[in-house]
Amino acid sequence: MSTPLLQVRDLHKFYGDRLGCGDVNFDLYPGEVLGIVGESGSGKSTLLNCLAGHLAPERGQVLFDTRDQGLVDTLTMSEPRRRLLARTDWAFVHQHARDGLRMNVSAGGNVGERLMAVGDRHYGNIRAQAIDWLDRVEITADRVDDRPSAFSGGMQQRLQIARNLVTGPRLVFMDEPTGGLDVSVQARLLDLLRGLVREMGLSAIIVTHDLAVVRLLADRLMVMKSGHVVESGLTDQVLDDPQHAYTQLLVSSVLQV
Amino acid sequence: MTQSGQYNFAYLDEQTKRMIRRALLKGLAIPGYQVPFASREMPMPYGWGTGGVQVTAACLVPEDCLKVIDQGADDTTNAVSIRKFFQRTAGVDVTEQTTASTVIQTRHRIPETPLREGQILVYQVPIPEPLRFIEPRETETRKMHALAEYGLMHVKLYEDIARHGAISTAYAYPVSVEGRYVMDPSPIPKFDNPKMEMAGIQLFGAGREQRIYALPPYTRVVSLDFEDYPFDPMRAEHPCDMCGAEDTYLDEVIIDDAGGRMFVCSDTDHCTARRAAGHRGRLAATEDAA
């Protein structure tokens with residue numbers, strides 16, 4: 001079996017005396033999509049931010065399989081390297097597109113930013129790639145010079161995804177990617193995400209409270225409560241045969257139409 | 001007691017000048033790096049060149065000959081008031097001639113006459129941070145400077161091309177200094193950018209923002225651009241109507257209400273010197289007759 005892309009060992013994050021998330025261990029293999037579910041305040045966003053380097057956990061290791069040096073602990077690596085990873089091999093899709101986009105820069109500029117950040121200095125190439133990526137996320141080419149503020153919520157979210165995937169990352173962090181979108185837009189976005197993940201062979205960690213999202217996208221599932229992982233396993237297994245009382249509650253509280 | 005006797009030489013007290021000189025030396029040692037300094041209240045409003053004035057004050061010695069220009073001109077309000085300020089507080093000689101001066105304080109222009117070794121050019125800087133308008137967080141821009149992450153600067157140029165078909169930034173055009181720091185050259189026209197590789201010392205003072213940066217002589221200064229949209233030091237396609245120069249930066253002046261206009265060198269000293277040497281432009285004769 002291939003080496004894991006990401007290994008998380010004994011991760012603890014405290015906010016003062018209060019536990020953000022604790023005792024988290026898991027492996028993520030290339031091409032695998034991991035869902036993290038739980039109620040608000042269960043520590044799932046904290047965990048994601050710790051993994052992506054936005055927060056500094058108190059204890060633990062986050063080992064990432066880098067292209068040049070193999071497994072490296074991203075928590076102890078130098079900041080320039082971590083920031084380089086964050087704009088090349090990693091991608092982070094925020095719940096609110098506004099947090100992940102530059103609202104005063106055109107859609108093309110938003111997508112091109114990562115390309116320019118890694119040294120592309122040819123306007124024609126940058127623009128062609130930006131248009132190509134807008135097309136892949138179903139935004140027509142004539143919107144390339146419009147600012148994200150002129151886009152609908154769903155389009156903003158798709159733009160954010162294009163902006164993140166343009167440099168061909170290997171690991172995508174997603175924080176509630178479908179939050180705040182209406183159901184039909186959600187469905188299209190999920191469809192798109194599933195396509196991209198499969199097509200590019202991405203590994204992804206998706207934080208959500210929406211079980212339908214993980215059912216569609218995730219291979220494996222972790223259920224969190226009060227900062228701890230209470231259950232993990234294959235998505236269908238966890239959702240169809242929940243073992244932990246909290247997971248049973250979570251699954252049974254989904255409204256059926 | 002003379003009026004200048006009431007002030008310490010060049011207005012600022014010695015401790016302040018010492019503090020500014022330390023910042024200047026640090027700036028020269030790290031070309032393009034913005035050095036924080038404890039900017040003082042000056043007896044003029046922010047935006048009038050308080051940063052430049054403090055840098056000039058810290059550089060002046062009694063033997064200096066000072067020239068002050070504003071948009072290339074020696075006779076505009078800003079230039080006159082700063083020149084008078086140093087005449088009163090430092091008692092140094094002043095001049096309008098680039099060649100005769102040892103310290104030049106400037107706003108928005110580099111003189112057309114190339115500077116020689118030993119001359120100091122002091123810029124007044126309103127906003128020292130080139131990344132400000134695209135990344136408003138100061139903590140983030142400092143980190144980007146520290147790690148030389150300058151991709152964002154090109155996003156601004158990309159936006160220019162996407163919107164206007166060409167890099168429309170015409171002043172405060174970002175430059176890369178010795179391949180390391182990206183720097184805002186203050187709002188000089190991009191026509192002046194190539195002149196920044198010069199024999200003189202260039203010092204930049206931003207009073208409100210409390211930053212000083214500097215370029216030692218012969219520092220490599222490269223204007224940022226794209227491979228397919230190279231840097232173009234734009235210039236109005238006219239000769240100067242007063243002195244006939246075809247290689248200077250021009251001001252467009254509207255001269256009547258019937259669409260009449262003339263183009264003149266923005267560097268008044270350069271233009272005057274050329275006319276004294278016998279060069280004549282299209283409208284020079286009428287001006288001489290008047």
Side-chain angles (χ1 to χ4, degrees), chain A residues 53-54 56 77-88 90 92 98-131 133-134 139 141-150 159 162-164 166-167, chain B residues 30 33 127 129-169 172-177 179-182 190 193 220-232 234:
Chain A
H54 300 171
M77 77 166 43
S78 70
E79 192 173 9
R81 276 209 73 191
R82 189 162 58 234
R83 286 173 68 104
L84 181 69
L85 267 187
R87 61 176 190 266
T88 52
W90 292 355
F92 197 101
R98 287 172 176 274
D99 298 338
L101 293 172
R102 294 192 188 277
M103 298 305 283
N104 54 356
V105 167
S106 70
N110 265 296
V111 178
E113 181 181 339
R114 267 179 164 238
L115 295 170
M116 294 181 247
V118 296
D120 198 331
R121 292 289 178 264
H122 192 284
Y123 176 82
N125 289 349
I126 294 167
R127 194 170 171 82
Q129 286 202 57
I131 290 175
W133 265 99
L134 289 181
I139 297 174
D142 60 340
R143 301 300 300 270
V144 66
D145 291 332
D146 289 348
R147 294 183 179 193
S149 47
L159 177 61
R163 169 187 159 90
N164 272 289
V166 66
T167 48
Chain B
I30 318 170
Y33 171 69
I127 294 166
E129 179 51 71
L131 301 160
R132 173 73 48 86
F133 291 106
I134 205 124
E135 174 55 72
R137 286 171 298 178
E138 181 77 18
T139 46
E140 187 65 17
T141 54
R142 267 188 231 174
K143 194 162 275 177
M144 289 158 76
H145 281 294
L147 305 177
E149 290 178 2
Y150 288 128
L152 206 51
M153 205 68 254
H154 276 84
V155 174
K156 184 176 184 299
L157 303 180
Y158 171 94
E159 286 293 290
D160 271 1
I161 303 173
R163 215 166 294 160
H164 305 290
I167 299 179
S168 60
T169 303
Y173 193 102
V175 293
S176 167
V177 179
R180 178 59 180 85
Y181 285 98
V182 164
K190 63 179 170 183
N193 271 18
R220 188 159 49 89
V221 179
V222 180
S223 304
L224 300 180
D225 59 4
F226 285 102
E227 288 160 13
D228 44 349
Y229 284 84
F231 173 70
D232 169 31
M234 192 176 58

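Order of the sequence lines sets the chain letters (A, B, ...), proteins ahead of strands, with each chain counted from 1.
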Selection from A:Val105, A:Asn110, A:Asp145, A:Leu115 maximising heavy-atom pairs under 4.5 Å formed with chain B: A:Val105

Heavy-atom proximity to chain B below 4.5 Å, by part of A:Arg114: neither

Approximate separation, where rounding is to 0.5 Å, of B:Leu147 CG and A:Leu84 CG: 10.5 Å

Interchain contact, B:Leu224 with chain A, by part (heavy-atom threshold 4.5 Å): neither

Side chain to side chain contact (heavy atoms under 4.5 Å, CB included) between B:Met153 and A:Met116, worked out: CA-CA 9 Å; B:Met153 205 68 254; A:Met116 294 181 247; over 6 Å; no

NZ on B:Lys143 to CZ on A:Arg83, rounded to 0.5 Å: 6.0 Å

Contact class of A:Arg147 relative to chain B, heavy atoms under 4.5 angstrom: side chain

Geometric class of the A:Tyr123/B:Tyr158 ring pair [parallel <30°, tilted 30-60°, perpendicular >60°]: tilted

Rounded distance (nearest 0.5 Å) linking atom CD of B:Glu227 with atom CD1 of A:Ile126: 8.5 Å

Shortest non-hydrogen contact from B:Leu152 toward A:Glu113: CD1-OE2, 3.4 Å

Crowding at CZ, B:Arg163 (>12 non-hydrogen neighbours, <6.0 Å): yes

Proximity breakdown for B:Ile161 and chain A, heavy-atom pairs closer than 4.5 Å: both

Backbone N/O of A:Ser106 and side chain of B:Glu159: donor-acceptor pair under 3.5 Å: yes

Heavy-atom pair of closest approach, residues B:Ala162 and A:Arg127: CB-NH1, 3.8 Å

